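Scroll down for the structure; my scribbles are underneath it.
Counting starts at 1 for both ligands and their atoms, following the listed order. For clarity, every value in this text was computed on a predicted model and none was experimentally measured.
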Amino acid sequence: MNAPSSPLLVVHGGAWEIPPQDHPAHIAGCRQAAEAGWAILARGGPALEAVEAAVRQMEDDPTFDAGRGSFLNTAGEVELDAIIMDGSTLNLGAVAAVQHIQHPVSLARLVMTESAHAFLAGRGAEAFARAHGVPECPPDALLVGRELKRWHDLQAGAGPQPADYFHPADTVGAVALDRAGNLAAATSTGGTPNKLPGRVGDSPLVGSGAYADNRSAAVSATGVGEALMKVVISKTACDLVERGATPQEAADAVIATLAERTGGYGGVIVVDPLGRYGIAHNTSYIAHAVVSAGGHVEVGIRRR
Ligand code: ASP
């Protein structure tokens, strides 16, 4: 039995050149997610439940590239990836390339608890969802006008657009420490705009999009999936914490490695069992919120 801990929750709502006019929605969305997760931690609930609740909130928020509001693939479809991991058991559940699912993070949790597997993809994951009473949502429940316009613009071939119009990265994630001293992490995404059907990024890959181990840390990542997966960024951050780095040192180190080894962009959030956290990114901004003892929420768009 671990000694009682002071709970801590960190969420992110993507790391990229978030346009200034979108900052208020990102801040509000991160705050709501943080509050949803904190409501569970504050009553002594498990970190696993807290990260699921925080991510579900962001999946419902059309601001982010997760659940409702996700980017469309080249075929004009929403395909979703998510992972959740319990640091006390190393149990994890993940889903990839699923359609018509409002809360992929909860489907990932069902894969963890109700199947003999850890990772289900595509039609098989959708059949598993149906078999477990997860309702299919209509395409309109996930599609927003902003993304339909972006898709039409992409099919039409660019035109005059702000620099990052075609390269947003609004994946969401949460990491938490609960009162029992357990860690958990979750990440959910619609991937990248105009991805090929079937493309899967880092987000649902254990050790890349997220990792949680009570012996080291809980981590969630965002950014260019093809780069993040090369350096197995979340597990690498956990390993650094296990070897003595603070969460901030580990976060800084893995982002430096990401840049140096792949030239890619991204951000990570890290929480350790001592109740310390780190946030690092090599993008212009990362949208995030931190809730610590007493429920004090620090929320913002951190600039590099
Ligand atoms: N990492 C995600 C992916 O490549 C995108 C993001 O973080 O926004 O699918």
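Ranking protein heavy atoms by distance to atom 8 (O) of ligand 1, first place goes to Thr171 OG1, 2.7 Å.
With no hydrogens or angles considered, a side-chain donor-acceptor pair links Ser106 and Arg56 at under 3.5 Å. A donor atom on one side chain and an acceptor atom on the other are not found under 3.5 Å apart for Asp61 and Gln57.
Just one residue in the list Ser203, Ser208, Ser220 forms a side-chain hydrogen bond (donor to acceptor under 3.5 Å, both in side chains) with Thr187, and that residue is Ser220.
Here's the thing with Arg199: one of its N/O atoms is less than 3.5 angstrom from an N/O atom of ligand 1. Considering backbone and side-chain atoms together, Asp202 places an N or O closer than 3.5 Å to an N or O of ligand 1.
Between atom CG of residue Asn73 and atom CD of residue Glu79 there is a gap of 5.0 Å, rounded to the nearest 0.5 Å.
The backbone of Asp170, and not its side chain, has at least one atom closer than 4.0 Å to an atom of ligand 1 (non-hydrogen atoms only; backbone = N, CA, C, O).
The shell of residues lying under 4.0 angstrom from ligand 1, judged by heavy atoms, includes Ser203. Residue contact check for ligand 1: Glu226 places no non-hydrogen atom closer than 4.0 Å to it.
Closest heavy-atom approach to atom 2 (C) of ligand 1 among the candidates Ala169, Gly223, Gly201: Gly223.
Interface of Thr222 with ligand 1, defined as ligand atoms under 4.0 Å from a residue heavy atom, comprises 6 (C), 7 (O), 8 (O).
Ring to ring, His281 and Tyr265 are not that close: their centroids are 6.0 angstrom or more apart. Checked against the 6.0 Å centroid criterion, the rings of His117 and Phe128 do not qualify as a close aromatic pair.
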